[in-house]
Amino acid sequence: MPFKYNFRRRRVTFAKTLQLLKQRNSKLLVETGTSRNGLNATKSDGAATIVFGKWAQQNGAKLHSVDISEASVNGSQTEINNQGLSNAVTIHLSDSITFLKNFKDPIDFLYLDSYDYSKTDKDIQIKSQEHHLKEFKVIEDKLHKNSIVLIDDCKLPGGGKGKTVVEYMLKKDWKILINAYQILLVKKDSLV
Ligand SMILES: C[S@@+](CC[C@H](N)C(=O)[O-])C[C@H]1O[C@@H](n2cnc3c(N)ncnc32)[C@H](O)[C@@H]1O
């Protein structure tokens, strides 16, 4: 990505994830919560659908991005079309839990970034954390020894989107590779 797109607090974790995707020859990427504002939101939302969609296109992989909001799906699809990425990226209009429950194939990369978090509202914080945990639980049997998981909006008051799901993952067979604004995890016994 040209430097004019400033990924700020996500730059380090995006870069490491892209390196790992290449190293592990990842082919199937899944994102919850799509890039509703396209590349206009590299600093705020992160524009991950475009970042990982571009990588998918350049590396013969596929990205599935799911979102419950029609406006978000339309915004994301517009940017995907503008960037010429529609052969590599499919955007689905659905609740993420329903979508993941019905997902049949093994997943190489899972990006959790749906239910919007709040820096101040504790009720929203807990709902967002529980939602991301639920997403992980319904899809964890589709993850394998070389799968990569990235969770957005973590270093925030109340622990961010990843608090509950990361606690759960650490009790299972996952380890943290980078603990920053985003948390990047791989399986404990996988080589990095
Ligand atoms: C922060 S944005 C996603 C940003 C995107 N990942 C990016 O990097 O640009 C969060 C999105 O999650 C969606 N969302 C909220 N609850 C959801 C749910 N239950 N299932 C699927 N998407 C949901 C919202 O509609 C919103 O578009």
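Both ligands and their constituent atoms are indexed starting at 1 by order of listing.
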Mind telling me whether Phe136 and Tyr168 have parallel, tilted or perpendicular rings, with 30° and 60° as the class edges? perpendicular
Please list all pairs passing the salt bridge (Lys or Arg N to Asp or Glu O under 4.0 Å) test where one or both residues lie in residues 44-53, with sequence neighbours left out. Arg36-Asp45
For residues 124-142, the salt bridge (Lys or Arg N to Asp or Glu O under 4.0 Å) pairs (sequence neighbours left out) are Asp123-Lys127, Glu140-Lys172
May I ask you to check whether Glu70 and Asn74 show a side-chain donor-acceptor distance below 3.5 Å? no
Return yes if a side-chain donor-acceptor contact under 3.5 Å exists between His144 and Asp108, otherwise no. yes
Holding to side chain to side chain donor-acceptor pair (under 3.5 Å), I want the full list of residues that pass it with Asn37, two or more places apart in sequence or in another chain. none
Could you pull out every N or O of ligand 1 that sits under 3.5 Å from a protein N or O, with the distance for each pair?
{"from": "ligand 1", "atom 1": "6 (N)", "to": "Glu31", "atom 2": "OE2", "distance (Å)": "2.9"}
{"from": "ligand 1", "atom 1": "6 (N)", "to": "Gly33", "atom 2": "O", "distance (Å)": "2.8"}
{"from": "ligand 1", "atom 1": "6 (N)", "to": "Asp113", "atom 2": "OD2", "distance (Å)": "2.7"}
{"from": "ligand 1", "atom 1": "8 (O)", "to": "Asp45", "atom 2": "O", "distance (Å)": "3.3"}
{"from": "ligand 1", "atom 1": "8 (O)", "to": "Ala47", "atom 2": "N", "distance (Å)": "3.3"}
{"from": "ligand 1", "atom 1": "8 (O)", "to": "Ala48", "atom 2": "N", "distance (Å)": "2.9"}
{"from": "ligand 1", "atom 1": "9 (O)", "to": "Ser35", "atom 2": "OG", "distance (Å)": "2.7"}
{"from": "ligand 1", "atom 1": "9 (O)", "to": "Ala47", "atom 2": "N", "distance (Å)": "3.0"}
{"from": "ligand 1", "atom 1": "12 (O)", "to": "Ser114", "atom 2": "O", "distance (Å)": "3.3"}
{"from": "ligand 1", "atom 1": "19 (N)", "to": "Asp95", "atom 2": "OD1", "distance (Å)": "2.8"}
{"from": "ligand 1", "atom 1": "19 (N)", "to": "His131", "atom 2": "NE2", "distance (Å)": "3.4"}
{"from": "ligand 1", "atom 1": "20 (N)", "to": "Ser96", "atom 2": "N", "distance (Å)": "2.9"}
{"from": "ligand 1", "atom 1": "20 (N)", "to": "Ser96", "atom 2": "OG", "distance (Å)": "3.3"}
{"from": "ligand 1", "atom 1": "22 (N)", "to": "Ile68", "atom 2": "N", "distance (Å)": "3.2"}
{"from": "ligand 1", "atom 1": "25 (O)", "to": "Asp67", "atom 2": "OD1", "distance (Å)": "2.7"}
{"from": "ligand 1", "atom 1": "27 (O)", "to": "Asp67", "atom 2": "OD1", "distance (Å)": "3.4"}
{"from": "ligand 1", "atom 1": "27 (O)", "to": "Asp67", "atom 2": "OD2", "distance (Å)": "2.7"}
{"from": "ligand 1", "atom 1": "27 (O)", "to": "Ser72", "atom 2": "OG", "distance (Å)": "2.7"}

